[in-house]
Amino acid sequence: MTTAPPAGAPPRAALISPSPTSVPAPEAPPAPAVRRVPLTVAAVIGVLLCAYVFVQHGAKPGVLLLLGTGLGYALFHSRFGFTSAWRQLVSVGNGTGLRAHTLLLGTTATLFALIIGTGTGLFGSTPAPSAGPLGIGLLIGAFVFAVGMQLGGACASGTLFAVGSGQSSIVLTLFGFIAGSTLAAWQFGLWSDLPALDPVLLSDHVGWFGSWAVTVLALAAVWWIARTVQARRNPPPVGAPPSARSTLARVVRGSWPLAVGAVALAVLGAAVLLVSGGAWGITSAFALWGSKLVGFLGGSPETWAFWQQPGSAAQLSGPVLADKNSLTDIGIMIGAALASAAGGVWTLHRGIPAKTAVAAVLGGVLMGIGARLAGGCNIGAYLAGIASGSLHGWLWGAVAIAGTWAGLKLRPFFGLGNPKPTDSVC
């Protein structure tokens, strides 16, 4: 015997049905013609740089550059966002992006457990999990980073793929990101001794299978909560970017479903771990680039306490094109340029409003400082931490939600809009 819902109650959708939205999702507009000049330039730069890295620094750095290119290609074609996903969730309750995060995190956690649990590595590397201390720096850094995301318009990975696709305002965000990262490295002594507890890795207590199981169950709970919130708030749908019509053409000319992007990013991120022994990261390279510039201009970054930590001196003195995160970062920009040009949407945006430019730089500075305080960004702390079974990744994500709320309150002061329940898309 079944019981009918009370009169006037909203219908309860099955878990496997699409999440409800206030209006149907719009159909993707057709992709414009291929931008042949940007495509050719990006391809030539990619080939020449890859050949140089392989010849000068060897196969391992060369493979990392190729993996970064794949990451940029997948990020752009799937428009896989962290900033927009949290903004849509907090502002109107659309959890589509956050549910895509759970797929990315769960797939990455599965691959990490297989790789790290078996000690499998390439090029002589030994894979290691990403774990960070649980302290004041993590909490402040994640909050500040999330505020910066909403002002700057992109997260760490989003900044790189937006720059690669020609978005001029995000170039300003990248400059601010590098400046903030360098400032935090210079002032390492101000925040390095903040109170903190030792890292907590689930695998140290329940083994790698137990760690994987707990992580996947927790992600399933997050997926269900995000879907429940969306069902109750009935938000506008996520907008659809331009795309080719046939399935085969969409591989090259986008857009990809978020689920496809999540799986592709998980596989490529796991490959970075397999090749280098460390998880995919982004923001440490920004501190390196800025410090290199300081040294070029006559400064002495090698005297900073930040670069005197174990292993850091070698990173600073070594070539940028032999640095793991620098290689994948550069590759992301090249891959995004290839993807956006092939999809016909690569363009340079001109006439950036003054308020937007200020927000972009300020947001980048806040993200640079926040990433260093927290020991990572949405990739190095949130993605790599949760996938490794580290508690600091979960704390980073939770605090980032609060920081997103604060960032949304600040956006209107810079002329930046927020999604509203009455919008046709969010």
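By convention here, the first residue in the shown sequence is residue 1. Just so you know, these numbers come straight off a predicted model, no measurement behind them.
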Original post:
Ignoring hydrogens and geometry, is there a side-chain-to-backbone donor-acceptor pair from Trp346 to Gly164 under 3.5 Å?
Top reply: yes
Subject >> side chain to side chain contact (heavy atoms under 4.5 Å, CB included) against Val216, all qualifying residues, sequence neighbours excluded >> reply: Trp212
Original post:
Which atoms form the tightest heavy-atom contact between Asn378 and Ala156, and what is the distance?
Top reply: OD1-N, 3.1 Å
Original post:
Under 6.0 Å from the CZ atom of Phe413, do we count more than 12 heavy atoms belonging to anything else shown?
Top reply: no
Subject >> Any donor-acceptor N or O pair under 3.5 Å, side chains Arg253, Ser243 >> reply: no
Original post:
Considering all heavy atoms of both residues, which atom of Leu265 and which atom of Ala74 are nearest to each other, and what is their separation?
Top reply: CD2-CB, 3.9 Å
**OP:** Please test Phe145 against Leu373 for side chain to side chain contact (heavy atoms under 4.5 Å, CB included), starting from the C-alpha separation and ending with a verdict.
**Re:** CA-CA 9 Å; Phe145 187 96; Leu373 263 67; over 6 Å; no
Original post:
Could you walk me through whether Leu288 and Ser291 pass the side chain to side chain contact (heavy atoms under 4.5 Å, CB included) check?
Top reply: CA-CA 5 Å; Leu288 175 65; Ser291 298; 5.7 Å; no
Original post:
If you take all heavy atoms of Ala357 and Leu172, which pair is closest and at what distance?
Top reply: CB-CD1, 3.6 Å
Original post:
Do the non-hydrogen side-chain atoms of Leu98 and Trp223 ever get within less than 4.5 Å of each other?
Top reply: no
Original post:
If only atom types and distance count, is the side chain of Ser246 paired as donor or acceptor with the main-chain N or O of Ala249 below 3.5 Å?
Top reply: yes
**OP:** State, with a plain yes or no, whether a side-chain heavy atom of Pro30 is found less than 4.5 Å away from one of Arg245.
**Re:** yes
**OP:** Report the C-alpha separation of Thr283 and Arg372 in whole Å, then their side-chain angles, then the decisive distance to 0.1 Å, and conclude whether the side chain to side chain donor-acceptor pair (under 3.5 Å) test is met.
**Re:** CA-CA 8 Å; Thr283 56; Arg372 296 281 55 81; 3.2 Å; yes
**OP:** Report yes or no: does Ser84 contribute a side-chain atom to a donor-acceptor pair with the main-chain N or O of Gly81 at less than 3.5 Å?
**Re:** no
Subject >> For Pro421 against Ser22, the heavy-atom pair lying closest together >> reply: O-OG, 4.4 Å
Original post:
So, is the end of the Arg79 side chain (NZ or CZ) under 6.0 Å from the ring centre of Phe76 and within 45° of the ring's axis?
Top reply: yes
**OP:** Rounded to the nearest 0.5 Å, what's the gap from CD on Gln308 to CD on Glu302? Could you check?
**Re:** 9.0 Å
**OP:** Kindly compute the distance separating CG (Leu66) from OG1 (Thr328), expressed to the nearest 0.5 Å.
**Re:** 12.0 Å
Original post:
Taking it one step at a time, do Gln309 and Phe188 satisfy side chain to side chain contact (heavy atoms under 4.5 Å, CB included)?
Top reply: CA-CA 11 Å; Gln309 300 176 90; Phe188 179 71; 3.6 Å; yes
Subject >> Nearest non-hydrogen partners of Trp307 and Gln315, listed with the distance >> reply: CZ3-OE1, 3.4 Å
Original post:
Taking C-beta and beyond as the side chain, do Ile352 and Ser168 meet within less than 4.5 Å on heavy atoms?
Top reply: yes
Original post:
Do Tyr73 and Ile334 come close enough that some side-chain heavy atom pair is under 4.5 Å?
Top reply: no
**OP:** Identify the residue among Leu65, Thr159, Ile282 that makes a side chain to side chain contact (heavy atoms under 4.5 Å, CB included) with Asp329.
**Re:** Ile282
Subject >> 4.5 Å side-chain heavy-atom contact, Leu321 and Ile330 >> reply: yes
Original post:
Taking the side chain from Asp323 and the backbone from Ser326, do they hold a donor-acceptor pair closer than 3.5 Å?
Top reply: yes
Subject >> Nearest heavy-atom neighbours spanning Phe80 and Phe161 >> reply: O-CE2, 3.7 Å
Original post:
Tyr52 and His57: side-chain donor and acceptor closer than 3.5 Å?
Top reply: no
Subject >> Side-chain H-bond candidate by donor/acceptor type, Ser19 with Arg99, under 3.5 Å >> reply: yes
Original post:
Between CG of Leu39 and OG of Ser340, what distance do you get to the nearest 0.5 Å?
Top reply: 9.0 Å
Original post:
To the nearest 0.5 Å, how far apart are CZ in Phe143 and CH2 in Trp405?
Top reply: 8.0 Å
**OP:** Ignoring hydrogens and angles, tell me if any N or O in the side chain of Ser388 forms a donor-acceptor pair with the backbone of Ser130 under 3.5 Å.
**Re:** yes
Original post:
When you measure from the side chain of Asn418 to the backbone N and O of Leu408, does any donor-acceptor pair fall under 3.5 Å?
Top reply: yes
**OP:** For Lys324 and Ala285, indicate whether the former's side chain and the latter's backbone hold a donor-acceptor pair under 3.5 Å.
**Re:** no
Original post:
Any donor and acceptor pair, going by atom type alone, linking the side chain of Asn94 with main-chain N or O of Pro236 inside 3.5 Å?
Top reply: yes
**OP:** Kindly compute the distance separating OG1 (Thr173) from CG (Leu160), expressed to the nearest 0.5 Å.
**Re:** 11.0 Å
Original post:
Between Leu202 and Thr215, is any pair of side-chain heavy atoms under 4.5 Å apart?
Top reply: yes
Subject >> Non-hydrogen side-chain atoms of Leu383 and Trp396 separated by less than 4.5 Å >> reply: no
Subject >> Heavy atoms of other groups near Phe414 CZ, more than 12 under 6.0 Å >> reply: yes
**OP:** With rounding to the nearest 0.5 Å, note down the distance linking SG in Cys377 to CE in Met367.
**Re:** 9.5 Å
Original post:
Going by heavy atoms in the side chains, are Phe306 and Thr182 under 4.5 Å from each other?
Top reply: no
